[in-house]
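Here's the structure we're looking at; comments come further down.
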Amino acid sequence: MNKRTHTCGELTSTSINEKVSLSGWVNAVRFHGQVVFVDIRDRYGKTQIVYNQDSFNGDFELVKKLSMEDVLSVTGVVQKRDKNAINPNIATGEVEVIVSDHEILNESAPLPFMITDRNSAEEDLRLKYRFLELRTNELQNNIKVRHRTYQAVRTFLSNNDFLEVETPVLMKSTPEGARDYLVPSRIHNGKFYALPQSPQMYKQLLMVSGFDRYFQIVKCFRDEDLRADRQPEFTQIDIEMSFVDENDVMAKCEELTSTIFKEVKNIDLVKPFPKMTYADAMSKYGTDCPDLRYDLFLNDFKPFSDKSDFKAFSSAESVMGIIVPDGAKYSRKEIELLTEHVKRYKAKGLAWMKADEGKLNGGISKFFDDDLQIQIRKKFNINDGDILFIIGDKNKITQLSLGSLRIAIARKEGFVKSTDFKPVWITDFPMFEYNDEDKRYHSLQHPFTQPKSNDLKKLKESPEAIPSKQYDLIINGYEVAGGSVRIHNSEQQKIIFDILGIDKKEAKERFGFFIDALKYGTPPHGGIAFGFDRLVMLLAGTSNIRDVIAFPKTTSAMSLMDGAPSSVFQDQLKDLGIQIKK
RNA sequence: GGGAUCGUAGUUCAGUUGGUUAGAACGCCGGCCUGUCAAGCCGGAGGUCGCGAGUUCGAGUCUCGUCGGUCCCGCCA
């Protein structure tokens, strides 16, 4: 094999007449009898190489057998292309290499799909041959973006005195929160490790140990169902800081996020990032992950529906509406589709009225008299040609369904510019949320989050009313990071477990070592975790998390390439003391 | 756990109210061709219609089940 002198993206007219060697994959072959053009590709680019029967020293008959994705090593002389033969689409398009000698390092079997076109096969096939799909331009670029993001993160944090520390992957199961992936112990039959949902307790313990500023780019595991932006194993940028309050952490993370966007995409994010309370996000956007790229808001419609003759809304806990500019053009069928959309969120229906000639027409407009219509139009600044969508239900359903409708309409109307990035901090989350199913309170983030109030009595009496020191970073509607100031007092920590309905014995068994550690001089501390894959998704301009992970899993958590998960040998199970129930 | 949707040559797809031998393009194989860059022209091979039942004289087409992909709800401290 001739060692390459250049990569396939490197040669320009400055190398003319030089003898060079290139190695790479056959990206395309064009046969013309006595002359054969081959595009040879590696991760740096493509170069046209030319086999001419007169100047090629090898067996020309074998050249005719070249096919897609064969691996070649070629040696030849760089030649300037004729003016009319220049290819402006590739960086090396002004030159070509006239091959004198070559070696076929490896022939490729016929391909299951075309490397030049990622859309030439369905996703299941591409996942089975992921190693081939990773050769496509798009995925090569995404992996490079991911790499640059790692480097930007490590450089920034290291320059800011953060220490990178690894934490265990085999840890104790703490069944608060997501379902754990469990690993059976061979040495202790019947006992299990859990894979970390996040290194939460470890990083807090590192603060107790005095490391002051910690970070880790770390794999986390949650055995829950998947989504387009969710994988069962995913990567976090895990961060923790001592002697800080919420604003310190948020400020540092703004710097980090801005640095990443600048380094990776050369985009300047507007600083400081705006802040919004959880309550405002829910009432204005119907979600705690608002996409700020378009102005389409939820409005309180209850005062108007109460004055109308439309009885379906009179008993609704909340009635809200959104106004879509130029939405009056929507056909019955389009409205029907949007109705289907909101029904997924348990909304009973989607009421509407169209604005025309100073009035409101169609839908439920007949229940609103002229005077009321004028008030509505004035209050919400409705113009002719707009449509008003209204939902009345329990507050949570109204917000959730209209919040989702907002997104659906923005997509439909193309309100979103893909080059726009709008970060926002969401703050003042409630500490707890009551769960009707298991009749107890759940932490909105995790049970180590500090309440904003020190009023323990109030905390016990009305847990829902107390906000926490949690903060989430949302960019374009994606939750990119979430964190909080932690409890650093073991007594307060016990009270929180108590409110969560974890009894003392159970708390001691599950979290005893941790509560104990808080007694030995714990500095006030707080931190955050970035969803690294989602961040890279945004940077790479895709809405599919599989596009930024080298070897992802399907929505049923399988790896189609290697066939995981799979059965294991009886002996392996025996070692672990495990019997499979049929 | 639930809903929607998809599964037909190697690949992407078409396939009418259930009816003769399941088609096209790209790819693959063979041939021609000295300036292409989505090369072109000629010829050829290639099918368990995801799998399994059922209805029917007859199923790619209808029904049920099952496996797999995608998107969503629940879930994701």
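Every chain is numbered from 1 and lettered A, B, ... according to where its sequence line falls, protein lines coming before strand lines. Atoms considered below: every heavy atom in the structure, side chains included; atoms not considered: hydrogens, waters and symmetry mates.
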Practice prompt. Can you check whether any acceptor in the base of C76(B) is under 3.5 Å from a donor in the side chain of R230(A), or vice versa?
Written response: yes
Discussion item. Regarding S556(A), tell me which of base, sugar-phosphate or nothing describes its non-hydrogen contacts under 4.0 Å with the strands shown.
Written reply: sugar-phosphate
Discussion item. By the ring-ring contact (aromatic ring centres under 6.0 Å, His included) test, which pairs, at least two apart or in different chains, include something from residues 43-71 of chain A?
Written reply: Y51(A)-F56(A), Y51(A)-H102(A), F56(A)-H102(A)
Worksheet entry | Donor/acceptor link under 3.5 angstrom from E96(A) side chain onto base of G35(B) | yes
Item to complete: Assign R179(A) to base, sugar-phosphate, or nothing according to its heavy-atom contacts below 4.0 angstrom with the strands shown.
Response: nothing
Item to complete: Pick base, sugar-phosphate or nothing for L125(A), based on heavy-atom distances below 4.0 Å to the nucleic acid.
Response: sugar-phosphate
Worksheet item: Looking across every strand, which nucleic acid part, if any, lies under 4.0 Å from N119(A) by heavy atom: base, sugar-phosphate, or nothing?
Response: nothing
Worksheet entry | Face-to-face stacking of H32(A) with A39(B), centres under 5.5 angstrom, angle under 30° | yes
Discussion item. Categorize A178(A) for me: base, sugar-phosphate, or nothing, with a 4.0 angstrom heavy-atom threshold over every strand shown.
Written reply: sugar-phosphate
Worksheet item: Are F37(A) and U36(B) stacked, counting the six-membered base ring, centres under 5.5 Å, planes under 30°?
Response: yes
Worksheet item: How is N544(A) classified with respect to the nucleic acid when contacts are heavy atoms under 4.0 Å: base, sugar-phosphate, or nothing?
Response: sugar-phosphate
Discussion item. Does F448(A) reach a base, just sugar-phosphate, or nothing at all? Heavy atoms under 4.0 Å.
Written reply: nothing
Practice prompt. Kindly say if K65(A) contacts the phosphate of G30(B), meaning a side-chain N or O under 4.0 Å from OP1 or OP2.
Written response: yes
Worksheet item: How far does the C1' atom of C62(B) sit from the matching atom of C71(B), given to the nearest Å?
Response: 27 Å
Worksheet entry | Check: G74(B) base within 3.5 Å donor-acceptor of R227(A) side chain | yes
Worksheet item: Testing K203(A), Q204(A), M241(A) for side chain to side chain contact (heavy atoms under 4.5 Å, CB included) with H525(A), which one passes?
Response: Q204(A)
Item to complete: Would you indicate what E122(A) reaches in the nucleic acid, counting non-hydrogen atoms under 4.0 angstrom: base, sugar-phosphate, or nothing?
Response: sugar-phosphate
Worksheet item: When you compare C32(B) with G15(B), how far apart are their P atoms, in angstrom units rounded to a whole number?
Response: 39 Å
Worksheet item: In whole Å, what separates the P atom of G31(B) from that of A22(B)?
Response: 30 Å
Discussion item. Tell me the interatomic distance from L560(A), atom CG, to U70(B), atom C1', rounded to whole angstroms.
Written reply: 12 Å
Practice prompt. Have a look at Q200(A) and say if it touches a base, only the backbone sugar-phosphate, or nothing, with a 4.0 Å heavy-atom cut-off.
Written response: base
Worksheet item: Rounded to whole angstroms, how far apart are CG on L400(A) and P on C73(B)?
Response: 8 Å
Worksheet item: Given G69(B), is OP1 or OP2 found less than 4.0 Å from the side-chain N or O atoms of T555(A)?
Response: no
Worksheet entry | Atom-pair distance (CZ on R118(A); P on C26(B)), nearest Å | 24 Å
Practice prompt. Using only side-chain N and O atoms of R30(A), determine if any of them is under 4.0 Å from OP1 or OP2 of U36(B).
Written response: no
Practice prompt. Check whether the side chain of D225(A) and the base of G74(B) form a donor-acceptor pair under 3.5 Å.
Written response: yes
Worksheet item: Rounding to the closest angstrom, what is the interatomic distance between C26(B) and G40(B) at atom C1'?
Response: 15 Å
Worksheet item: Counting only distance, no hydrogens or angles, is the base of C37(B) paired donor-acceptor with the side chain of R81(A) under 3.5 Å?
Response: yes
Worksheet entry | C29(B) versus U66(B) - spacing of their C1' atoms, nearest Å | 38 Å
Worksheet entry | R126(A) vs G69(B): side-chain N/O to OP1/OP2 distance below 4.0 Å | no
Discussion item. Closer than 4.0 angstrom, basic N to acidic O: yes or no for E224(A) and R230(A)?
Written reply: no
Worksheet item: Quantified in whole Å, what is the C1' atom distance between nucleotide U61(B) and nucleotide U56(B)?
Response: 13 Å
Worksheet item: Taking OP1 and OP2 of G27(B), is either one under 4.0 Å from a side-chain nitrogen or oxygen of S120(A)?
Response: no
